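This report concerns only the one structure given below.
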There are 2 protein chains.
Amino acid sequence: MGINDRKDRDKEDLKKKILTAARELFLVKGFENTSIRNIAEKIEYSPTSIYLHFKDKDDLFHALHSEGFELLNAQFSTLHAVRDPFERLIAMGRIYMQFAVENPELYELMFIHTAPIDSLDMHKGEEWLEGKTSFEGLTMTIEGCIQAGYFKFPNTEVAAYMIWSFMHGMISLKICHRCAKVLSEVNQEDILPKSFDAFVTMLEQLRSS
Amino acid sequence: MGINDRKDRDKEDLKKKILTAARELFLVKGFENTSIRNIAEKIEYSPTSIYLHFKDKDDLFHALHSEGFELLNAQFSTLHAVRDPFERLIAMGRIYMQFAVENPELYELMFIHTAPIDSLDMHKGEEWLEGKTSFEGLTMTIEGCIQAGYFKFPNTEVAAYMIWSFMHGMISLKICHRCAKVLSEVNQEDILPKSFDAFVTMLEQLRSS
DNA sequence: TGTTTTACTTAACACTGTAAAGTATATTTG
DNA sequence: CAAATATACTTTACAGTGTTAAGTAAAACA
C-alpha cells in the first residue's frame with residue numbers, strides 16, 4: 001500500500017515542520033517565550049494540530065532536547081581519535097564548552113531548564129538516557145586518566161561529577177548572565193577559556209605532586 | 001503628624017504581607033508556578049493591589065532576591081572569625097553549599113533564574129550589587145590564600161570565577177535535577193559533600209607541588 | 001461642607017496551554 | 001456506486017496568566 005506510506009510520510013513531514021519551527025523560535029526567543037500559537041502561526045496550521053503530533057509543550061521540549069544531545073554527541077565523536085586519556089579529557093571539555101557557547105539556548109534546554117526533566121519523573125521508570133550516556137563517557141575518560149597516572153581520586157564517579165560541575169557552572173553562570181555583572185572588564189569577554197585553562201593547569205599540577 | 005506615620009506603617013505592613021506571601025508561595029511552588037492572583041488570594045486582597053506596591057512580578061522577584069542575599073551574607077558573617085585564608089575559603093564553600101541545600105528555591109532565584117537579572121539590564125546603569133559584593137569577598141579570600149602560599153594562579157579573579165563555577169555547577173546540577181538521573185545509587189544521596197571534598201583535596205594538593 | 005487625595009476593587013485586554021466538538025476529505029465496506 | 005467510517009485538521013471554548021484603565025468608598029484637607 002503505497003498510499004498509506006505516503007500518508008505516513010506526510011504526517012512525518014508535518015512533525016518535522018513543527019519541530020523545525022519550534023527549534024527556530026526556541027533558539028531565538030527561548031522556551032518560555034515561545035507559545036504553541038507562535039509555532040502554529042509560523043507553519044500556518046491551527047495551534048491544536050500541534051497536539052496531534054506532540055502530547056504537550058514538554059513533549060516538544062523533549063524532542064529538541066534529544067536533538068541537542070545528538071548534536072553534542074556528533075561533536076564528541078571525534079574524540080575517539082585522541083588516544084591519550086588526559087588529552088581526550090581536555091578535548092572533551094573544549095568541545096563541551098564550544099557547544100555551549102555556540103548553542104546557549106540549546107544548552108539551557110538540555111542542562112538548566114527543569115520542566116522537561118521533571119516531566120520525565122512523571123513516568124517513573126524513564127531515565128535520562130542521553131545525559132547518562134554522556135556522563136559515562138566522561139567517567140571512562142577520567143578512569144583512563146587515573147590508570148595512566150595523571151591524577152588520582154578516591155572515587156571516579158565523584159571526580160567525574162566534580163569536573164562536570166566545574167564545566168557546567170562556568171557555562172551556566174555565563175548563560176544565566178551572572179558573570180558579566182561581577183567580573184572586571186578585562187575578563188568579561190573571555191572568562192570561559194581563561195577559567196577553563198586555570199582548571200586544566202590545576203589538573204596538570206596534580207601529576208607532579 | 002502621627003496619622004501619616006500610621007498610614008506609612010500600614011502601607012509598609014501590606015508590602016511586607018505581600019512579600020511574605022510571595023516568599024512562601026515561591027519557595028513551595030517556584031517562581032513560574034506562582035501567580036500574582038495566588039499571592040493576592042493568600043493575603044485576601046485583589047490582585048491589582050499588589051501593583052500598588054510592586055512595579056511588576058520581576059520587582060517582587062528582586063525583593064526576594066535581595067532577601068536571599070541578606071540571608072546568605074548573614075551566614076557568611078561568621079567567616080571573619082576564621083583567620084587562615086584557606087580555612088576561610090573552605091568554610092565559605094561549606095556555607096554556600098549549605099545555603100543552597102537548605103534554600104534551593106531561593107538559590108534558583110538568586111543564581112539560576114534569568115528574568116530578574118535581565119530586567120536589571122533594562123535600566124542599563126544598574127548593577128548586580130549583591131552578587132558583586134559576594135564575589136569580591138571570594139576574590140579577596142583567594143588573594144589571601146595565594147599570598148599565604150597555599151596555591152598560585154596567574155589571575156586571582158579568574159581563579160575566583162573558576163572556584164565559584166565549580167560550587168555553582170555542583171549545586172545547580174543538583175537543583176535542576178540533572179545529577180540524580182546520572183549517578184549510581186551510592187553517590188546520589190551525598191554527592192554534594194563528596195564532590196566538594198574531592199575539590200578541596202585537589203586544592204590542598206596544589207600546595208605540595 | 002464641599003473638594004481632593006488615598007487605597008483599594010472591578011472590569012477588561014491580550015495573552016497562555018490545552019481539551020472537546022465540529023468539518024471536510026479520503027478510504028473502506030455493503 | 002452509495003453509505004458508513006476513519007483521518008486530518010479547524011473552530012470554539014475553558015481556565016488560567018501578567019497587567020492596565022476605570023470606578024468607588026473612605027479619609028484628609030480646604
Side-chain angles (χ1 to χ4, degrees), chain A residues 1-19 21-22 25-26 28-65 109 113-116 118-119 122, chain B residues 1-19 21-23 25-26 28-65 109 113-119 122:
Chain A
M1 282 295 119
I3 291 176
N4 278 336
D5 290 358
R6 194 218 61 210
K7 285 206 161 187
D8 285 354
R9 258 183 292 128
D10 282 359
K11 198 164 180 178
E12 208 54 40
D13 278 359
L14 182 49
K15 193 163 185 175
K16 275 180 193 158
K17 220 171 165 184
I18 294 170
L19 223 44
L25 288 171
F26 282 5
V28 171
K29 315 203 306 175
F31 176 69
E32 303 287 354
N33 299 320
T34 303
S35 70
I36 300 285
R37 283 172 176 83
N38 293 157
I39 300 167
E41 200 171 2
K42 189 161 183 132
I43 58 170
E44 295 176 298
Y45 278 77
S46 78
T48 45
S49 9
I50 289 170
Y51 289 88
L52 302 170
H53 301 272
F54 296 92
K55 196 187 145 285
D56 53 22
K57 206 186 173 187
D58 273 349
D59 197 19
L60 255 170
F61 198 117
H62 277 118
L64 293 176
H65 167 99
L109 212 108
H113 210 96
T114 18
D118 284 351
S119 84
M122 301 300 134
Chain B
M1 283 294 121
I3 291 175
N4 279 335
D5 289 359
R6 192 218 63 211
K7 284 208 160 185
D8 284 356
R9 256 183 292 128
D10 282 358
K11 198 164 182 180
E12 208 53 41
D13 277 359
L14 181 50
K15 192 164 185 175
K16 274 180 193 158
K17 219 170 166 184
I18 294 171
L19 224 44
R23 184 173 42 241
L25 288 171
F26 282 5
V28 172
K29 315 202 306 172
F31 177 67
E32 303 287 354
N33 299 322
T34 303
S35 71
I36 299 285
R37 283 173 176 82
N38 293 156
I39 300 167
E41 200 171 4
K42 188 160 184 135
I43 58 170
E44 295 176 298
Y45 278 77
S46 76
T48 44
S49 8
I50 289 170
Y51 288 88
L52 302 170
H53 301 274
F54 295 92
K55 195 186 146 287
D56 52 22
K57 207 185 174 188
D58 273 349
D59 197 20
L60 255 170
F61 198 118
H62 276 118
L64 293 177
H65 167 99
L109 212 107
H113 211 95
T114 20
I117 215 86
D118 285 350
S119 84
M122 301 300 135

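Only a predicted model underlies this, so the values are computations on that prediction, with no experimental measurement involved. Letters A, B, ... mirror the listed sequences (proteins, then strands); counts begin at 1.
- Among the atoms of the strands shown, only primed sugar atoms or phosphate atoms (P, OP1, OP2) are found under 4.0 Å from some heavy atom of A:N38.
- Rounded to a whole Å, the NZ atom of A:K15 is 17 Å from the C1' atom of D:dT7.
- Going from atom CG of B:L14 over to atom C1' of C:dC8 covers 10 Å, rounded to whole Å.
- Between A:S49 and D:dT10 there is a side-chain polar atom (N or O) within less than 4.0 angstrom of OP1 or OP2.
- Per the geometry, NZ belonging to A:K29 stands 11 Å off P belonging to C:dC15, to the nearest Å.
- Residue A:S35 has a polar side-chain atom (N or O) positioned under 4.0 Å from OP1 or OP2 of C:dT16.
- In the helix from C:dT1-D:dA30 to C:dG30-D:dC1, the end axes, each obtained as the rotation axis mapping the C1' atoms of four pairs onto the next four within a five-pair block, lie 30° apart to the nearest 10 degrees.
- Looking at residues two or more places apart in sequence or on another chain, you find a salt bridge (Lys or Arg N to Asp or Glu O under 4.0 Å) between B:K42 and B:E24.
- At distances below 3.5 Å, not a single donor-acceptor pair connects side-chain atoms of A:K55 with backbone N or O atoms of A:D59.
- A:Y51 does not carry A:K57 over the face of its six-membered ring by the limits of under 6.0 Å from the centre and within 45° of the normal.
- The two residues B:I43 and B:A21 make their nearest non-hydrogen contact at CG2-CB, 3.5 Å.
- Of the possible polar contacts, none joining the A:D58 side chain to the A:F61 backbone as a donor-acceptor pair under 3.5 Å is found.
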Check the pair B:H62 / B:F54 against ring-ring contact (aromatic ring centres under 6.0 Å, His included), numbers first and verdict last. CA-CA 10 Å; B:H62 276 118; B:F54 295 92; over 10 Å; no

Any protein N or O atoms within reach of nucleotides 18-20 of chain C? Criterion: under 3.5 Å, listing atom names and distances.
residue: C:dT18; atom: OP2; partner: A:Y51; partner atom: OH; Å: 2.9
residue: C:dT18; atom: OP2; partner: A:K57; partner atom: N; Å: 3.0
residue: C:dT18; atom: O5'; partner: A:Y51; partner atom: OH; Å: 3.3
residue: C:dT18; atom: O4; partner: A:R37; partner atom: NH2; Å: 3.2

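- Distance A:Y45 OH to C:dT23 P: 21 Å, rounded to the nearest Å.
- Look at CG on B:L52: it is 12 Å from P on D:dT20, rounded to the nearest Å.
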Would you please test A:I39 and A:L60 for side-chain contact (heavy atoms from CB on, under 4.5 Å) and show each step? CA-CA 11 Å; A:I39 300 167; A:L60 255 170; 3.9 Å; yes

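- For A:H53, no side-chain nitrogen or oxygen approaches OP1 or OP2 of D:dA8 to under 4.0 Å.
- Put simply, CG on B:N33 is 18 Å from P on C:dT16, counting in whole angstrom units.
- Atom-to-atom, CD1 of B:I50 to P of D:dT19 comes out at 11 Å; the value is rounded to the nearest Å.
- Remark: side-chain polar atoms of B:T34 are paired, donor with acceptor, to backbone N or O of B:G30 under 3.5 angstrom.
- Across every non-hydrogen atom of B:L19 and B:L64, the tightest pair is O-CD2, 4.0 Å.
- C:dA7 atom P lies 16 Å from atom NZ of B:K17, rounded to whole Å.
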